[in-house]
Colleague: 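Take a look at the following structure, please.
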Amino acid sequence: MGFFGPLSVHPRHWDGGIAHALLAPVMDCFAAWRTTLAGLFTFAESAKHVHLYEKFGFQARFLTAIMGKVPAPAAPVEFTAWSTVPAADRPRLAGECAALTATLWLGLDVGGEIAGVDALRLGETLLVRDGGRLAGLAVCHVGAGSEAGTGTCYVKFGAVAPGPSAADDFDRLVSACETFARTARVSNLVAGVNLGRRSARRVLVARGFRTIFQGVAMHRDDVPGFSTPDAWVLNDWR
Ligand SMILES: CC(C)(COP(=O)(O)OP(=O)(O)OC[C@H]1O[C@@H](n2cnc3c(N)ncnc32)[C@H](O)[C@@H]1OP(=O)(O)O)[C@@H](O)C(=O)NCCC(=O)NCCS
């Protein structure tokens with residue numbers, strides 16, 4: 001899986017072919033990496049953006065809602081914070097995380113993001129268990145200097161494994177994010193969800209998340225990836 005962005009051209013040079021020139025090598029990278037699921041998030045209302053990306057084989061699919069709420073968990077939920085995991089246990093846990101995300105898309109592994117958030121102190125990764133099983137994970141950015149910005153906790157990537165307990169696991173994962181956001185003393189919890197993930201979206205709405213703004217996910221060759229009704233995933237390709 002690969003996604004790109006932000007892509008930005010100085011307004012003085014708009015419509016001069018610079019985005020085309022920038023995108024051609026991006027497509028070369030995807031080809032060299034043998035990327036099977038490639039996508040981006042863009043402005044749904046912009047005919048220019050949709051036209052530009054269509055020329056590179058991307059199709060507009062579902063809207064992606066960037067949603068937020070004041071964190072207030074119905075009941076605090078137990079989770080493990082990655083930063084508290086002893087170094088000796090991290091490789092095993094990283095393997096569990098990779099196994100979970102691989103259920104969404106073969107080979108998908110956000111281990112680099114988990115390690116990066118930890119090393120750069122951008123936020124925290126939350127792990128929710130169901131007995132001995134890793135049920136879900138959420139990579140969160142927190143505050144100024146991160147992708148969240150001041151006063152905000154932003155779920156960069158969150159997921160639970162598919163299966164009969166997925167709905168409960170997902171609800172607990174969102175609770176864990178709210179619990180963590182409160183302890184981090186931020187006033188906003190923000191998460192993106194593709195509207196193709198109908199069940200996940202319904203949980204956010206039921207828990208009081210409101211859409212702040214929305215864009216459209218464009219997928220190369222119209223490959224749905226993990227933006228399907230049964231995918232319990234929070235991310236928005238920004
Ligand atoms: C979006 C952006 C990156 C495009 O860069 P650019 O260098 O102007 O793009 P290009 O000149 O390579 O291509 C623009 C294409 O859109 C077309 N276009 C322009 N206005 C259009 C419109 N209203 N409807 C349809 N097509 C339109 C142009 O004709 C051109 O296509 P063509 O080569 O087939 O004729 C640039 O406008 C930008 O930086 N915007 C602000 C930041 C942003 O929105 N980033 C993207 C976030 S996903």
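Side chains are part of it too, since the values below use all heavy atoms of this structure and drop only hydrogens, waters and symmetry mates. Each ligand, and each atom within it, is numbered from 1 in the order the structure gives.
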Colleague: Taking the six-membered ring of Y154 (Phe, Tyr or Trp), confirm whether the NZ or CZ of R238 is under 6.0 Å from its centre and within 45° of its axis.
Modeller: yes

Colleague: Measure the acute angle between the ring planes of F226 and W237, then classify it against the limits of 30° and 60° as parallel, tilted or perpendicular.
Modeller: perpendicular

Colleague: How would you list, by chain and number, every residue that makes a side-chain contact (heavy atoms from CB on, under 4.5 Å) with R92, sequence neighbours excluded?
Modeller: D89, E96

Colleague: Take atom CZ in R121; do more than 12 heavy atoms of anything else shown fall under 6.0 Å from it?
Modeller: no

Colleague: I'd like to check the ring pair (Phe, Tyr, Trp, His ring centres under 6.0 Å) partners of F41; sequence neighbours left out, ordered by chain and number.
Modeller: none

Colleague: Heavy atoms under 4.0 Å from ligand 1: which residues qualify?
Modeller: L7, S8, V9, W14, D15, G16, G17, I18, A19, H20, F41, T42, F43, A47, K48, H49, H51, L52, Y53, K55

Colleague: Kindly list each side-chain donor-acceptor pair under 3.5 angstrom involving residues 140-152, sequence neighbours excluded, with atom names and distances?
Modeller:
unit_1	atom_1	unit_2	atom_2	d
H141	ND1	E147	N	3.1
S146	OG	V142	N	3.4
S146	OG	V142	O	3.3
S146	OG	G143	O	2.7
S146	OG	A148	N	3.0
E147	OE1	K156	NZ	2.7

